[in-house]
Amino acid sequence: MNRHVRLGINIDHVATLRNARGGEFPEVIKAAKVVEESGADLITVHVREDRRHINEYDLENILNTVNIPINLEIAANSEMIGIATRYNPKFVCFVPENRKEITTEGGLDVVKNFKELSKNLKSLLKNEINVSIFIDPDKEQIKATKDLGISSVEFHTGSYANAFIKNKNINKEFKKIEENVMFANEIGLNCHAGHGLTFDNVAKIVSLPHIIELNIGHFIIADAIFNGLQNSIIKMRNIITQASI
Ligand code: PXP
């Protein structure tokens with residue numbers, strides 16, 4: 001039997017669309033329920049400092065309504081850590097944040113921010129929240145993440161996804177992920193991946209046997225406009241299952 005790769009569906013952009021009009025549609029909670037019913041393993045949301053999509057009310061509502069775990073993405077600062085410890089999701093992923101960026105453009109620099117991360121992590125670990133860090137595929141970042149004493153990394157697949165779009169350097173970008181996933185696994189880190197993943201580029205990432213979780217958002221919400229959220233998630237789930245060895 002193929003291994004089960006956990007699939008987290010990021011529903012931030014349902015809230016982006018809602019906030020475009022400031023009302024309540026499309027309802028984030030309805031999307032969360034569809035994600036659960038479609039067989040995804042996690043609901044992933046990013047509460048950004050500028051609350052441009054998901055806010056605390058959405059987070060609370062999702063936590064109170066669905067039964068699958070929440071993976072909360074946050075910047076590693078005291079305000080956001082406070083939100084994480086208040087709501088206690090099962091998973092937290094630290095991501096870098098820059099107000100001017102359109103999306104999370106690169107991984108967190110764990111080497112540079114080691115001291116602060118080490119301090120900020122404590123209350124999450126005390127609450128038994130599983131913490132991962134979103135990093136670029138880079139050995140020094142992996143080693144620093146391991147030294148923080150956390151168990152998981154999420155590899156930023158954005159450069160690989162962009163290579164796919166341009167049909168240029170796909171193998172080079174893939175090799176970078178492959179080598180770093182192998183290294184992270186060797187030193188005992190669980191390997192997750194995400195960013196820019198689509199029906200076409202996901203199988204290669206899943207073919208890496210140490211990848212145990214994927215978080216996918218923008219493409220799924222975009223595809224859902226044409227095919228319906230449930231169909232888009234089920235299609236992604238099937239591609240992942242078939243590519244899992
Ligand atoms: N994983 C993390 C840590 C993210 O911050 C994001 C969103 O930027 C994703 C996965 C999902 O990326 P996308 O929306 O491109 O699928």
Side-chain angles (χ1 to χ4, degrees), residues 5-17 28 31 35 40-54 58-59 69-77 80 84 89-110 117 124 129-138 141 145 150 152-165 173 177 181 184 189-206 211-225 229 232-233 235-237 239-240:
V5 176
R6 280 202 307 261
L7 173 60
I9 300 294
N10 181 318
I11 55 172
D12 290 349
H13 296 305
V14 176
T16 305
L17 191 55
V28 168
V35 170
D41 302 279
L42 304 165
I43 292 174
T44 297
V45 289
H46 184 176
V47 177
R48 278 185 169 267
E49 290 181 277
D50 61 10
R51 308 298 192 275
R52 69 173 75 155
H53 36 58
I54 296 288
D58 296 318
L59 176 63
I70 307 304
N71 174 31
L72 174 65
E73 297 173 357
I74 48 168
N77 61 37
M80 293 298 150
K90 184 158 183 197
F91 301 97
V92 161
C93 181
F94 282 153
V95 297
E97 241 181 67
N98 167 1
R99 290 273 165 114
K100 292 201 187 92
E101 70 190 355
I102 294 171
T103 180
T104 313
E105 280 164 1
L108 190 57
D109 190 340
V110 185
L117 282 167
L124 297 183
I129 295 172
N130 298 282
V131 181
S132 63
I133 303 193
F134 196 38
I135 60 169
D136 289 322
D138 176 276
Q141 298 296 337
T145 303
I150 64 172
S152 305
V153 275
E154 179 167 335
F155 287 103
H156 196 304
T157 50
S159 299
Y160 161 77
N162 286 339
F164 229 89
I165 292 167
E173 293 299 336
I177 295 172
V181 166
L189 287 165
N190 297 318
C191 298
H192 308 169
H195 208 278
L197 296 178
T198 67
F199 293 148
D200 291 334
N201 67 22
V202 74
K204 247 172 122 62
I205 298 296
V206 179
I211 291 287
I212 62 162
E213 179 184 307
L214 298 173
N215 286 294
I216 309 180
H218 184 265
F219 175 80
I220 291 277
I221 304 304
D223 187 73
I225 292 171
L229 185 54
S232 302
I233 295 170
K235 184 168 173 183
M236 186 61 87
R237 173 78 265 168
I239 293 170
I240 292 169

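Order of listing sets the numbers, starting from 1, for every ligand and every atom in it.
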Please step through side-chain contact (heavy atoms from CB on, under 4.5 Å) for the pair V153 and Q141, ending with a clear verdict. CA-CA 10 Å; V153 275; Q141 298 296 337; over 6 Å; no
Are any of the N or O atoms of N215 closer than 3.5 Å to those of ligand 1? no
Could you tell me, atom by atom, which parts of ligand 1 come under 4.0 Å of a heavy atom of H218? 13 (P), 14 (O), 16 (O)
Tell me which protein heavy atom sits closest to atom 16 (O) of ligand 1, plus the residue, atom name and distance to 0.1 Å. G217 N, 2.8 Å
State, with a plain yes or no, whether a side-chain heavy atom of R6 is found less than 4.5 Å away from one of F91. yes
Considering heavy atoms of the protein only, find what lies nearest to atom 12 (O) of ligand 1 and give residue, atom and distance to 0.1 Å. H195 CA, 3.4 Å
Qualifying residues under side-chain contact (heavy atoms from CB on, under 4.5 Å), relative to N10, sequence neighbours excluded: D12, T44, E73
Protein heavy atom at shortest distance from atom 15 (O) of ligand 1: G196 N, 2.8 Å
E154: heavy atom below 4.0 Å from ligand 1, yes or no? yes
Cationic tip of K204 above Y160 ring, under 6.0 Å, 45° of axis: no
Between H156 and F134, what is the ring plane arrangement, given parallel below 30°, perpendicular above 60°, and tilted in between? parallel
Logged contact type for V95 with ligand 1, heavy-atom cut-off 4.0 Å, is side chain
Please report which non-hydrogen protein atom sits nearest to atom 5 (O) of ligand 1, along with the residue it belongs to and the distance in Å to one decimal place. E73 OE1, 3.0 Å
Part of H13 with heavy atoms under 4.0 Å of ligand 1, whether side chain, backbone, both or neither: neither
Of all the atoms in ligand 1, which lie at a distance below 4.0 Å from a heavy atom belonging to I216? 16 (O)
Counting distance only, does the side-chain N/O of E154 pair as donor-acceptor with the main-chain N or O of C93 below 3.5 Å? no
